[in-house]
**Student:** 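The structure's right below; bear with me while I get my questions together.
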Amino acid sequence: MRLSKSLIPALKETPSDAQIASHRLMLRAGMIRQMASGIYAWLPSGYRVLNKIMQIVREEQDQAGAQEMLMPTIQSADLWRESGRYDAYGKEMLRITDRHARDLLYGPTNEEMITSLVRDSIKSYRDLPQTPYHIQWKFRDEVRPRFGVLRGREFLMKDAYSFDVDYAGALAAYKKMMLAYMRTFQRMGITAIPMRADTGQIGGDLSHEFHVLASTGESGVFYDAAFETGDALAETDVELFYQKMTSIYAATDEKHDTAQWAKIPSERQREGRGIEIGQIFYLGQKYSQAMNFAITGADGQRFFPEMGCYGIGVSRLVGAIIEARHDEAGIIWPDAVAPYRAAILNLRQGDAATDGICENLHTQLGADGLYDDREERAGVKFAEADLMGHPWQIIVGPRGAVNGLVELKRRATGERWELAVQDALTKVLG
RNA sequence: CGGGGCGUGGCGCAGCCUGGUAGCGCGCUUGUUUUGGGUACAAGAGGCCCCCGGUUCGAAUCCGGGCGCCCCGACCA
């Protein structure tokens with residue numbers, strides 16, 4: 001992409017209504033623009049990040065045996081009356097009336113809908129287990145939206161739902177999903193920690209929240225340093241993984257148990273702040289019962305399937321990753337989710353040598369390269385590249401260009417190398 | 001939902017108290033300059049001063065009513 005032709009409106013000054021780092025940086029880097037309170041438009045570079053995150057989530061869900069589908073954003077109130085949640089949900093639910101005066105709502109979650117869908121098509125225990133998921137926009141009419149995409153009203157979420165014949169099956173699904181979540185977050189270059197959680201409005205009695213460590217996080221977290229080593233993640237057997245993962249202490253401040261905490265050697269005690277980016281729940285038969293989803297078992301008797309639900313805040317992750325990965329100059333994208341893998345900075349636009357090298361690099365990098373071909377001073381290009389946080393900057397100036405050399409800069413570490421064009425490219429692509 | 005604050009060119013703000021033909025910085029356009037960390041000079045373009053009503057000879061400014069947005073708290077993926 002050529003920066004001169006892109007819709008990536010970077011801002012030199014900070015918009016006054018952005019309080020925290022990720023919100024400020026997303027606005028300044030031209031990733032998003034607010035369209036209404038808690039509602040954002042995703043501009044090209046922000047949308048690229050969103051898509052990369054979505055893709056990683058998708059791959060890991062598929063890997064865990066879940067099947068992708070897509071449910072609508074608008075739901076019928078009748079569906080929610082079946083479970084009793086239409087009245088229970090409160091003002092966070094955005095209620096809509098259509099021209100025929102029928103009650104609709106913009107979905108805040110999809111338990112009712114998926115249960116009804118599965119109920120209508122699954123009639124035998126032989127068809128279970130099933131784990132459908134989708135990645136769709138949700139709406140919760142928060143009293144007070146804030147922090148940009150971390151706490152918007154409209155947000156993109158991956159939600160999966162498992163249906164099993166018995167508790168053992170549901171538990172196996174739960175464990176498998178926890179493993180998939182940890183792999184998902186690891187691939188995105190962030191440290192996430194699963195913590196025992198309340199089940200809140202969703203229901204059920206077994207639940208974990210996943211928190212990204214970030215100094216600006218909303219909740220205080222306490223955890224055992226054993227999480228930092230990543231040993232448990234190397235475990236490929238689901239049972240062993242789950243055992244290891246859940247035997248290490250980790251809790252948010254609400255669920256912090258000081259007696260348990262005291263048993264951990266002090267040199268391994270870690271306190272910090274976290275942002276919740278996902279939560280998994282064992283639901284039991286709450287919804288299958290409420291919505292009369294019964295099927296015939298091997299013994300010929302009718303039974304209610306055991307359910308679980310599993311959410312990841314996809315749009316929130318964009319903000320959470322930035323909270324965890326930024327400095328005074330701007331964002332520091334992990335390679336896997338960066339909008340562009342490398343920026344090509346032409347320091348002397350119009351110079352035959354620099355133009356030639358830049359065009360060549362731009363072609364070879366394809367869609368993952370962002371070419372700053374604007375008629376701007378070097379300082380402007382440096383500052384903006386740091387702000388946008390590309391993992392690599394390929395700096396092409398007239399001094400090196402005559403000898404076929406460019407400077408490669410790694411955003412995360414500040415390291416620089418003077419390299420031949422092809423060597424720089426190899427390093428970036430490697 | 002309680003408490004506080006703000007709406008003035010794209011962005012950040014001043015002007016409002018004490019009514020009198022709308023201003024600054026950044027950005028944008030053109031030219032010159034500069035050429036490896038947000039360059040300098042010059043000339044320009046761009047505004048229903050959030051909306052509606054009232055007071056007044058005259059309202060960005062005073063009064064009333066709306067709407068929007070932000071911050072603190074309670075609440076939440």
Side-chain angles (χ1 to χ4, degrees), chain A residues 7 9-20 23-24 27-28 30 33-39 89-93 107-111 135-160 181 197-202 207-212 218-219 252 254 274-281 309-320 328-330 345-351 354 372 374-387 393-401 405-407 409 414 416 418:
Chain A
L7 185 60
L11 301 173
K12 196 183 252 182
E13 290 175 275
T14 303
S16 59
D17 49 5
Q19 292 301 301
I20 65 164
H23 189 196
R24 214 164 52 225
L27 288 167
R28 287 196 52 212
R33 285 293 182 268
Q34 178 169 307
M35 296 291 104
S37 179
I39 298 175
Y89 210 93
K91 290 187 170 177
E92 278 71 40
M93 179 185 279
T109 178
N110 289 64
E111 282 82 10
I135 300 174
Q136 178 64 288
W137 292 93
K138 308 282 193 290
F139 196 93
R140 291 184 195 173
D141 198 0
E142 297 284 344
V143 242
R144 191 185 158 209
R146 61 184 127 172
F147 305 147
V149 300
L150 284 180
R151 182 81 181 276
R153 292 193 293 174
E154 189 184 51
F155 56 98
L156 187 62
M157 180 175 171
K158 183 285 300 181
D159 41 325
Y181 272 40
D198 283 324
T199 50
Q201 226 165 31
I202 312 271
S207 177
H208 282 86
E209 285 177 358
F210 295 78
H211 285 257
V212 184
E218 349 127 86
S219 32
T252 57
E254 305 104 58
I275 300 170
E276 187 188 339
I277 48 174
Q279 187 164 10
I280 57 180
F281 301 86
C309 74
Y310 318 90
I312 291 181
V314 175
S315 50
R316 167 178 270 203
L317 263 168
V318 180
E328 314 70 46
L345 308 188
N346 189 344
L347 298 194
R348 176 96 44 101
Q349 206 66 41
D351 176 275
T354 61
D372 192 343
R374 298 169 304 165
E375 298 281 351
E376 287 289 353
R377 261 191 84 96
V380 175
K381 297 192 179 189
F382 289 135
E384 230 168 82
D386 286 346
L387 170 65
Q393 292 172 22
I394 308 176
I395 300 155
V396 185
R399 290 206 289 264
L405 294 176
V406 298
E407 184 177 317
K409 176 183 165 184
R416 292 160 185 274
E418 179 114 22

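The sequence lines fix the lettering, A, B, ..., with proteins before strands; numbering per chain opens at 1.
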**Student:** Sequence neighbours left out, what passes salt bridge (Lys or Arg N to Asp or Glu O under 4.0 Å) with A/Asp141? Give chain and number order.
**Tutor:**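 Partners of A/Asp141 by the salt bridge (Lys or Arg N to Asp or Glu O under 4.0 Å) criterion, ordered by chain and then number, come out as A/Arg153.
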**Student:** With sequence neighbours left out, write down each residue that passes salt bridge (Lys or Arg N to Asp or Glu O under 4.0 Å) with A/Arg33, or none if nothing qualifies.
**Tutor:**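 Expected list: none.
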**Student:** Going by ring pair (Phe, Tyr, Trp, His ring centres under 6.0 Å), name the residues that satisfy it together with A/Phe139, two or more places apart in sequence or in a different chain.
**Tutor:**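 Scan of A/Phe139 (ring pair (Phe, Tyr, Trp, His ring centres under 6.0 Å), adjacent residues dropped) gives A/Tyr106.
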**Student:** At under 4.0 Å between heavy atoms, what does A/Gly311 touch on the DNA or RNA strands: base, sugar-phosphate, or nothing?
**Tutor:**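 Nothing, no nucleic acid heavy atom in range.
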**Student:** Classify the nucleic acid contact of A/Asp386 as base, sugar-phosphate or nothing, counting any heavy atom under 4.0 Å across all strands shown.
**Tutor:**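 Contact class for A/Asp386: base.
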**Student:** Contact class for A/Ala18 vs. all strands (heavy atom < 4.0 Å): base, sugar-phosphate, or nothing?
**Tutor:**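 Nothing, no nucleic acid heavy atom in range.
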**Student:** Protein within reach of the bases, or only the backbone? For nucleotides 22-34 of chain B, mark each nucleotide 5' to 3' as B, S or -, using heavy atoms under 4.0 Å.
**Tutor:** ---BBSS-----B
**Student:** For nucleotides 72-75 of chain B, tabulate all protein N/O to nucleotide N/O atom pairs closer than 3.5 Å, reporting atom names and distance.
**Tutor:**
| unit_1 | atom_1 | unit_2 | atom_2 | d |
| --- | --- | --- | --- | --- |
| B/C72 | OP2 | A/Arg144 | NH1 | 3.2 |
| B/C72 | OP2 | A/Arg144 | NH2 | 2.2 |
| B/A74 | N6 | A/Arg146 | NH2 | 3.0 |
| B/C75 | O2 | A/Arg151 | NH2 | 3.0 |
| B/C75 | N3 | A/Arg151 | NH2 | 2.8 |
| B/C75 | N4 | A/Arg146 | NH2 | 2.9 |

**Student:** Mind checking salt bridge (Lys or Arg N to Asp or Glu O under 4.0 Å) for A/Glu384 and listing every partner two or more places apart, or none if nothing turns up?
**Tutor:**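 For A/Glu384 the salt bridge (Lys or Arg N to Asp or Glu O under 4.0 Å) partners, ignoring immediate neighbours, are A/Arg374.
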**Student:** Does A/Ser16 make a side-chain N or O approach to OP1 or OP2 of B/C11 shorter than 4.0 Å?
**Tutor:**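 Looking at the OP1 and OP2 atoms of B/C11, neither is under 4.0 Å from any side-chain N or O of A/Ser16.
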**Student:** Please classify the nucleic acid contact of A/Gly319 as base, sugar-phosphate, or nothing, using heavy-atom distances under 4.0 Å.
**Tutor:**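 A/Gly319: no heavy atom of the nucleic acid under 4.0 Å.
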**Student:** Got a sec, which residues hit ring pair (Phe, Tyr, Trp, His ring centres under 6.0 Å) with A/Tyr310, two or more places apart in sequence or on another chain?
**Tutor:**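 None.
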**Student:** Measure CG/A/Asp17 against P/B/G12 and give the value in whole Å, please.
**Tutor:**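 Spelled out: CG on A/Asp17 to P on B/G12 is 7 Å.
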**Student:** Sequence neighbours excluded, which residues qualify as side chain to side chain contact (heavy atoms under 4.5 Å, CB included) partners of A/Ser16?
**Tutor:**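 A/Ser16: no side chain to side chain contact (heavy atoms under 4.5 Å, CB included) contacts found.
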**Student:** Closest approach to the side chain of A/Phe382, judged atom by atom: which nucleotide of B/G37, B/G38, B/U35 is it?
**Tutor:**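 Within the option list, the nearest is B/G37.
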**Student:** Salt bridge (Lys or Arg N to Asp or Glu O under 4.0 Å) with A/Glu418: which residues, sequence neighbours excluded?
**Tutor:**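 Testing A/Glu418 for salt bridge (Lys or Arg N to Asp or Glu O under 4.0 Å), a comparison that skips the adjacent residues, returns none.
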**Student:** Would you tell me if any nitrogen or oxygen in the side chain of A/Gln34 comes within less than 4.0 Å of OP1 or OP2 on B/C70?
**Tutor:**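 Yes, such a contact exists.
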**Student:** Base, sugar-phosphate or nothing for A/Leu11? Non-hydrogen atoms, less than 4.0 Å.
**Tutor:**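 Nothing, no heavy atom under 4.0 Å.
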